[in-house]
> 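A single structure is presented below for examination.
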Amino acid sequence: QVEFVESGGGLVQAGGSLRLSCAVSGRTFSNYAMGWFRQAPGKEREFVATISQSGGSTYYADSVKGRFTIFRENAKNTVYLQMNSVKPEDTAVYYCAAGRYAVRGTTRQAYDSWGQGTQVTVSS
């Protein structure tokens, strides 16, 4: 049974920084590409960033490119999302996801397991 423990969400002022963490247990973490998605109230869940199994390849949504960084530590079974220069429009629940066969996965269908989500609120 795979388990996700997401942490790091909270309230931050516009222009500030936040780091989200997602620890995964119950599977061989290094076999899975990982992604971050977000869902704002009344909106569809949208792709934010993805990272390959080794961490050597990353891909970002245009809306966060240059501000957010996804990285992973396979020895700790953890993926991170470093969020810098945050904006009020970044306010959402952020979800991490694991996909065994995801390659630059930008759709929800590329991932087979999801975390419970962590709330990020950016004040103006």
Side-chain angles (χ1 to χ4, degrees):
Q1 181 75 10
V2 62
E3 291 188 359
F4 295 77
V5 179
E6 297 185 34
S7 59
L11 175 64
V12 60
Q13 286 191 330
S17 297
L18 210 59
R19 178 178 291 184
L20 307 183
S21 301
C22 175
V24 182
S25 62
R27 57 176 50 175
T28 304
F29 181 72
S30 59
N31 285 346
Y32 289 80
M34 298 297 296
W36 285 97
F37 286 70
R38 67 186 181 186
Q39 188 167 16
K43 294 188 176 181
E44 294 289 318
R45 191 172 300 188
E46 65 175 6
F47 167 75
V48 175
T50 185
I51 188 167
S52 61
Q53 286 85 338
S54 68
S57 178
T58 58
Y59 187 71
Y60 299 90
D62 288 343
S63 58
V64 307
K65 200 174 298 182
R67 300 188 297 119
F68 291 8
T69 301
I70 185 172
F71 62 102
R72 65 192 295 164
E73 292 186 278
N74 284 349
K76 295 183 177 181
N77 290 358
T78 302
V79 62
Y80 305 89
L81 185 69
Q82 178 66 42
M83 307 168 61
N84 297 332
S85 303
V86 296
K87 304 175 181 180
E89 51 263 44
D90 294 323
T91 295
V93 177
Y94 284 71
Y95 299 88
C96 66
R100 181 67 176 89
Y101 302 105
V103 177
R104 269 200 171 187
T106 61
T107 65
R108 295 177 63 176
Q109 291 74 18
Y111 301 89
D112 51 69
S113 300
W114 293 81
Q116 79 284 358
T118 185
Q119 175 71 47
V120 172
T121 303
V122 182
S123 62
S124 57

> Please check: side-chain N/O of Ser52 versus main-chain N/O of Ser57, any donor-acceptor pairing under 3.5 Å?
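Answer holds: yes.
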
> Do any N or O atoms from the side chain of Arg72 and from the backbone of Phe29 form a donor-acceptor pair under 3.5 angstrom?
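Checked: pair present.
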
> Check this for me, if you would: do Lys87 and Asp90 make a salt bridge, where the nitrogen-to-carboxylate-oxygen distance has to be below 4.0 angstrom?
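Asp90 and Lys87: not salt-bridged.
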
> Any donor-acceptor pair under 3.5 Å linking the side chain of Thr50 with the backbone of Arg104?
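No: the side chain of Thr50 does not pair with the backbone of Arg104.
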
> With rounding to the nearest 0.5 Å, note down the distance linking CE in Met83 to CZ in Arg67.
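Atom-to-atom, Met83:CE and Arg67:CZ are 7.5 Å apart.
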
> Could you measure the distance from the CZ atom of Arg19 to the OH atom of Tyr80? Nearest 0.5 Å is fine.
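These two atoms lie 7.5 Å from each other.
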
> Can you tell if the side chain of Val64 reaches within under 4.5 Å of the side chain of Arg38, non-hydrogen atoms only?
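Yes. Closest side-chain heavy atoms under 4.5 Å.
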
> Hey, is the main chain of Cys96 close enough, under 3.5 Å, to the side chain of Glu6 for a donor-acceptor pair?
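Yes, because the side chain of Glu6 sits within donor-acceptor range (under 3.5 Å) of the backbone of Cys96.
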
> Please report the C-alpha distance between Arg45 and Arg108 in whole Å, then the side-chain angles of each, then the deciding distance to 0.1 Å, and finally whether the side-chain contact (heavy atoms from CB on, under 4.5 Å) criterion is met.
CA-CA 8 Å; Arg45 191 172 300 188; Arg108 295 177 63 176; 4.1 Å; yes

> First locate atom CD of Gln13, then atom OG1 of Thr121, and finally report the distance between them rounded to the nearest 0.5 Å.
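Answer rounded to 0.5 Å: 13.0 Å.
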
> Please say whether more than 12 non-hydrogen atoms of neighbouring residues, nucleotides or ligands are located less than 6.0 Å from CD in Gln119.
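Yes - once you tally the heavy atoms of other residues, nucleotides and ligands closer than 6.0 Å, there are more than 12.
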
> Apply side-chain contact (heavy atoms from CB on, under 4.5 Å) to the pair Val12 and Ser123, showing each step before the final yes or no.
CA-CA 6 Å; Val12 60; Ser123 62; over 6 Å; no

> Testing the basics here: between Ser30 and Asn74, what is the closest heavy-atom pair and its distance to 0.1 Å?
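For Ser30 versus Asn74, the nearest heavy atoms are CB-ND2, 3.6 Å.
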
> Could you check Val120 against Leu20 for side-chain contact (heavy atoms from CB on, under 4.5 Å), going step by step and ending with a plain yes or no?
CA-CA 9 Å; Val120 172; Leu20 307 183; 3.9 Å; yes

> I'd like to know whether CD of Glu3 has more than 12 heavy-atom contacts from other residues, nucleotides or ligands below 6.0 angstrom.
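Result for CD/Glu3: open.
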
> Main chain of Glu89, side chain of Thr91: is a donor-acceptor contact present, judged purely on distance under 3.5 Å?
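Not a single qualifying donor-acceptor pair exists.
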
> Rounded to the nearest 0.5 Å, what separation is found between the CZ atom of Phe68 and the CG atom of Asn84?
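CG of Asn84 is found 8.5 Å from CZ of Phe68.
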
> Are any of the side-chain heavy atoms of Val2 and Val24 separated by less than 4.5 Å?
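Yes. Closest side-chain heavy atoms under 4.5 Å.
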
> Could you check whether any side-chain N or O of Glu73 sits under 3.5 Å from a backbone N or O of Asn77, counting only pairs where one atom can act as donor and the other as acceptor?
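Pair absent, no side-chain N/O of Glu73 close to backbone of Asn77.
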
> Linking Ile, Leu, Val, Met, Phe, Trp and Tyr by side-chain heavy atoms under 4.5 Å, what else ends up with Tyr111?
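Same cluster as Tyr111: Phe37, Phe47, Tyr59, Val93, Tyr95, Trp114.
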
> To the nearest 0.5 Å, how far apart are CZ in Arg100 and OG1 in Thr28?
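With rounding to 0.5 Å, CZ (Arg100) is 8.5 Å from OG1 (Thr28).
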
> Looking at NZ of Lys65 and OG1 of Thr58, how far apart are the two atoms once the value is rounded to the nearest 0.5 Å?
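Rounded to the nearest 0.5 Å, the NZ-OG1 separation comes out at 10.0 Å.
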
> Where do Ser85 and Ser17 come nearest, in terms of heavy atoms and distance?
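Scanning both residues, the minimum pair turns out to be N-OG, 4.4 Å.
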
> Hey, is the main chain of Ile70 close enough, under 3.5 Å, to the side chain of Tyr60 for a donor-acceptor pair?
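Pair found, side chain donor or acceptor close to backbone of Ile70.
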
> Identify the residue among Trp36, Phe4, Tyr32 that makes a side chain to side chain contact (heavy atoms under 4.5 Å, CB included) with Val79.
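When Trp36, Phe4, Tyr32 are each tested with Val79, the side chain to side chain contact (heavy atoms under 4.5 Å, CB included) holds only for Trp36.
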
> Where do Ala102 and Ala33 come nearest, in terms of heavy atoms and distance?
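That would be O-CB, 3.5 Å.
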
> I'd like to know if the side chain of Ser54 and the backbone of Gly56 have a donor-acceptor N/O pair within less than 3.5 Å.
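Yes, Ser54 side chain to Gly56 backbone: donor-acceptor pair under 3.5 Å.
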
